[in-house]
Amino acid sequence: MGPDELPDRGSAAGWAARLAQVESRNVTFLGSIPPFWTHASGGAVRDAANRDYLDFSGAFGVALAGHRHGLVVDRIREQAGRLVHGMGDIHPPAIKVEFLEALAALLPWRSSGTILGLSGSDAVEAALKTAQLATGRSGVIAFEGSYHGLTLGALAATDREHFRRPFTARLADHVRFVPFPASQSEAEAVLTRVSELLARNAPVPVGAVIVEPIQGRAGVRIPPTGFLAELGRRTRAGGALLVADEIFTGMGRTGYLFACDHDGVVPDLICLGKALGGGMPLSACCGPPSVMDAWPPSTGEAIHTSTFLGHPLSCAGGLAFLAVLEADDLAGRARRLGEQALGYLTTELEGCDRVVDVRGRGLMLGVELRKREDAAPGAEVAARALGRGLIVLAAGQDGEVVELTPPATLTRKELEKGLKTLVSSIRSAS
Ligand SMILES: Cc1ncc(COP(=O)(O)O)c(C=O)c1O
């Protein structure tokens with residue numbers, strides 16, 4: 001796309017002023033004017049002012065296959081020429097069957113059942129309901145720092161005061177939080193606590209332990225090796241189900257199909273989202289029949305469904321994404337590019353007194369910065385990087401981490417260019 005072909009889209013300030021007139025004021029932060037995206041392709045984004053950016057956020061981790069992958073666009077276009085909307089659970093779109101079959105072939109169980117949704121929160125809601133039906137227990141153990149979404153069920157298992165405080169009165173008191181371990185010794189203590197909570201029937205018996213295999217929004221926090229496998233054993237011994245929230249980490253992002261694969265653990269339920277739809281809204285709660293058949297057969301009225309369930313265009317995006325995942329070996333690319341990125345950042349940032357830690361697995365990387373009283377250092381670096389044409393996001397409870405979740409389709413040259421920009425943005429931050 002040449003700049004000459006672009007219509008005059010006005011300034012970002014103009015878009016911001018218009019948005020402020022029509023959108024609820026809590027939604028978009030307009031304190032500093034953001035770029036208003038108009039085009040994206042691969043790892044590149046263009047805004048309304050015709051500025052180009054390299055997207056190392058993958059747009060919240062969604063664009064694992066890159067923005068507008070050719071196969072995804074073709075498949076959506078083709079589907080749009082036939083059927084845009086169906087009736088998910090009444091007159092199912094045929095393409096829903098095709099997508100579910102393709103997904104089932106990748107899941108770790110010989111056979112499986114899946115409930116589709118449109119957002120990550122949808123998948124978490126479905127998983128928590130499933131666990132309650134399968135165990136007859138409504139209690140949940142979740143982890144400090146967790147992010148599982150903001151709908152009320154998912155929010156109850158999300159540990160962020162910012163999101164919880166205004167709605168505390170509506171958050172059911174059935175979730176207990178335990179620390180997310182960073183070391184083997186912490187892991188021991190956490191596992192003991194989990195076993196205690198599972199053995200106790202108060203306030204309600206626990207039916208689900210929900211965990212992000214790597215905590216994303218908490219700042220790319222990676223648990224010690226073996227922790228997830230032992231968590232799975234203890235959870236089952238306590239009569240509950242292990243729910244892996246792989247919405248951020250899944251589908252190749254960390255160098256394996258699922259981040260749980262690093263620990264060789266097969267959870268009882270897996271939540272997927274973000275990358276799954278190739279950019280279209282699509283999520284899934286998946287499990288084996290031994291768990292999913294806790295749902296009764298439909299008698300004509302499903303007890304958990306929604307208008308757009310199995311949306312044909314989302315399923316088309318999802319089918320194309322799964323084809324790209326295999327054809328382009330996205331997991332392998334994430335592993336190799338991730339190793340290169342981690343090596344580069346570790347070397348280049350060594351001795352930088354602003355940097356506390358550089359960590360990551362595959363293309364889910366974090367640079368933890370020294371905390372400051374007056375500002376979120378990750379957000380400051382993200383703003384500097386944006387000014388230099390690189391999109392990254394801040395993560396962590398206090399915005400102390402710069403999080404990188406770029407497309408796995410980046411070229412090595414693009415990767416190097418973005419990493420250089422990031423390092424100079426960190427070095428020049430106050
Ligand atoms: C691990 C995890 N779970 C759930 C969600 C919620 O997904 P959504 O924002 O699509 O509802 C997110 C979103 O960032 C996430 O990172």
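For reference, positions follow the sequence shown, starting with 1. When a ligand or atom number is given, it counts from 1 through the structure's own listing order.
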With Y344, which residues qualify under ring pair (Phe, Tyr, Trp, His ring centres under 6.0 Å), at least two apart? none
Region of F60 that comes within reach of ligand 1 [heavy atoms, distance under 4.0 Å]: neither
H69 and F321 aromatic centres sub-6.0 Å: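 Between H69 and F321, the centre distance exceeds or equals 6.0 Å.
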For [atom], what's the nearest protein heavy-atom neighbour? Residue, atom name and distance, please.
{"atom": "atom 11 (O) of ligand 1", "answer": "S121 OG, 2.6 Å"}
{"atom": "atom 8 (P) of ligand 1", "answer": "G120 N, 3.5 Å"}
{"atom": "atom 2 (C) of ligand 1", "answer": "Y147 O, 3.3 Å"}

Hey, which atoms in ligand 1 end up nearer than 4.0 Å to a heavy atom of [X]?
{"X": "R217", "value": "14 (O)"}
{"X": "E212", "value": "1 (C)"}
{"X": "K274", "value": "13 (C), 14 (O), 16 (O)"}
{"X": "S119", "value": "10 (O), 11 (O)"}
{"X": "D245", "value": "1 (C), 2 (C), 3 (N), 4 (C)"}

Using the test side chain to side chain donor-acceptor pair (under 3.5 Å), find all partners of Q79 that sit at least two apart in sequence or belong to another chain. R82
Before accepting this row, confirm whether a basic side-chain N of the pair D357/R221 lies closer than 4.0 Å to the acidic partner's carboxylate O.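 Between R221 and D357 there is no salt bridge, as every charged N stays at least 4.0 Å from the carboxylate O atoms.
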Is any side-chain N of the basic residue among R217 and E403 closer than 4.0 Å to the acidic one's carboxylate O?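 Salt bridge absent between R217 and E403.
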Is it the case that the side chains of S138 and Q132 hold a donor-acceptor pair, with the cut-off being a distance below 3.5 Å and no angle test?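 No.
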Could you check whether S24 and N26, counting side-chain N and O atoms only, form a donor-acceptor pair closer than 3.5 Å? no
